[in-house]
Number of protein chains: 2
Amino acid sequence: MNAPRLAEIGSLVGDQARANILSQLMDGRALTATELGFAAGVSAQTTSGHLAKLTASGLLAVTKQGRHRYYRLATPHVARMIEHIMVVAGDKPARIPMHGARQEAVRTARTCYDHLAGRLGVGIADVLLARKYLVLAADGGEVTRAGARFLDKLGVEPEAVSGRRPFCRTCLDWTERRPHLAGKLGTALAARFFERRWLERQAGSRALTVTPAGRRMLRELFGLTL
Amino acid sequence: MNAPRLAEIGSLVGDQARANILSQLMDGRALTATELGFAAGVSAQTTSGHLAKLTASGLLAVTKQGRHRYYRLATPHVARMIEHIMVVAGDKPARIPMHGARQEAVRTARTCYDHLAGRLGVGIADVLLARKYLVLAADGGEVTRAGARFLDKLGVEPEAVSGRRPFCRTCLDWTERRPHLAGKLGTALAARFFERRWLERQAGSRALTVTPAGRRMLRELFGLTL
DNA sequence: CGAACGCTTCGGCCGCGACCGAAGTGTTCG
DNA sequence: CGAACACTTCGGTCGCGGCCGAAGCGTTCG
């Protein structure tokens, strides 16, 4: 039996800050080092050290995206392992990643920083592209004339989508594995959705609730039924 | 999510001496404090402290018997948890290769708490499923009519495999990385194998020796040559 | 371009916990 | 009974590892 490795993995989980980090990632999300540090309650430097250890030992995987680094559980085995430790810890029935009502909500619609992700985010991106309201380019994209009219109807101002910041980047979406709308346009759209109360944040989660008004609007304007 | 408890359990497993102790108990035996101290490579006093912690946290249970104290894993949950940690430990690319005769024996056949694991355990599970003696379901499984006859021939009693405890759970195997037979059926089978002296425990290890009679039986009844 | 930002590396501090020697409790012997 | 044994408790040492400040690197943005 490989007791040294057993102890090694155990001690990785056995630190309070690292346990906080792993807990945060149990629903399958990918979070940045800063977010994880905040959740763990330690400084950025300390967080960096922890994340390096967890990654080196194969518990976490990391994806670079611009100046961010998204950390996530490396394999389902890691999630399962933590579940089983929780069982011994006397915690509630095992929460397998991405099941249950709350996880379902996270899959449907959630924030990714300042823009929209999940099925909602991907769906909106799909629609805008399909209707040629938006064309993609290597370093961003461009709003077409028809797109500008559409956005104007939504109340998204033209200057909000100008400038060098790209409209749509391939923002890591761990549930849909497809690009969604980030950048200036994504931010402006998300802001508008909140402003009009089409979406509401859920406490303590990145999941979003689509309000009845939002549901109607999504069907009418985007042809989306989530 | 209960991160403090997660860290607590993790740190218990995360000490080398305690990991050694837990490893020793993985086959479900109950060992004395002295034996465990020797296996862990620390003094009696230190061992005593470790055992007290492990017991207080519910990982171990203890039985007094004269001047001895027999420690064992408190629940199958603990064994399962350790198995799952081992799976993650094995996911690391830079895995310490197992070598030597004894390690080979461990890979071939060993106990996993109260049932059989290793190539033997996985092989038996494969055969029973391939012959449709057993069908798997989400929450356990069912023995078919043909399976019942087969088990009867082995001397495994029908009531041993009835009841609410599942027949076959996906108990992940850290060498084979495939499910093997746990649950009531796995336990009953293992017990029968020991009773008939088809398998014998090796001292100080979870490895099992397949006796000549056992080898013959495995070939005749299961078509297995390990 | 420079400033702001996200993250990592380095260096040094410090506390927790593993460890053992010595002593104490309880049990089994002869 | 006392000696041997199994185990625990106490007390003190010490090293590993978590922590943060400061500095450095790469990216983004105006």
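Quick caveat: nothing in here was measured; it's all calculated off a predicted structure. So that the names make sense, note that chain A is the first sequence line, chain B the second, and so on, each numbered from 1. Values below: all heavy atoms of this structure, side chains included; hydrogens, waters and symmetry mates excluded.
- A straight line from CD of A/Glu35 to P of C/dG6 spans 10 Å, rounded to a whole angstrom.
- Following rounding to the nearest Å, B/Glu8 (CD) and C/dG17 (P) show an atom-to-atom distance of 11 Å.
- Aromatic ring orientation, A/Phe150 versus A/Phe222: perpendicular (interplanar angle above 60°, classes split at 30° and 60°).
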Item to check | Candidate pair A/Tyr71 and A/Leu36, rule side-chain contact (heavy atoms from CB on, under 4.5 Å), full reasoning | outcome: CA-CA 9 Å; A/Tyr71 288 89; A/Leu36 290 170; 3.8 Å; yes
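- Crowding of B/Phe194 atom CZ: a count of heavy atoms from other residues, nucleotides or ligands under 6.0 Å exceeding 12.
- Atom CZ of A/Arg69 is separated from atom C1' of C/dT8 by 8 Å (rounded to the nearest Å).
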Under 3.5 Å, which protein N or O atoms sit close to an N or O of nucleotides 18-26 of chain C? Give each pair with its distance.
| residue | atom | partner | partner atom | Å |
| --- | --- | --- | --- | --- |
| C/dA18 | OP1 | B/Arg18 | NH1 | 3.4 |
| C/dA18 | OP1 | B/Arg18 | NH2 | 2.9 |
| C/dA18 | OP2 | B/Lys53 | NZ | 2.5 |
| C/dC19 | OP2 | B/His50 | NE2 | 2.5 |
| C/dC20 | OP2 | B/Ser43 | N | 3.1 |
| C/dC20 | OP2 | B/Ser43 | OG | 3.0 |
| C/dC20 | OP2 | B/Thr46 | OG1 | 3.0 |
| C/dG21 | N7 | B/Gln45 | NE2 | 2.4 |

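- When heavy atoms are screened at a 4.0 angstrom cut-off, B/Tyr71 is found touching the sugar-phosphate backbone but no base atom.
- With contacts defined as side-chain heavy-atom distances shorter than 4.5 Å, the pair A/Ile21/A/Leu31 does not qualify.
- Annotation: the span from A/Thr75 atom OG1 to A/Leu59 atom CG amounts to 8.5 Å, rounded to 0.5 Å.
- Within 4.0 Å of B/Thr32, counting heavy atoms only, lie sugar-phosphate atoms of the nucleic acid but no base atom.
- In this structure, B/Phe38 places its CZ atom 18 Å from C1' of D/dC5, rounding to the nearest Å.
- Distance A/Leu54 CG to C/dT8 P: 12 Å, rounded to the nearest Å.
- Side-chain contact check for B/Val13 versus B/Met81: some heavy-atom pair is nearer than 4.5 Å.
- Between A/Gln65 atom CD and D/dT28 atom P the separation is 10 Å, expressed in whole Å.
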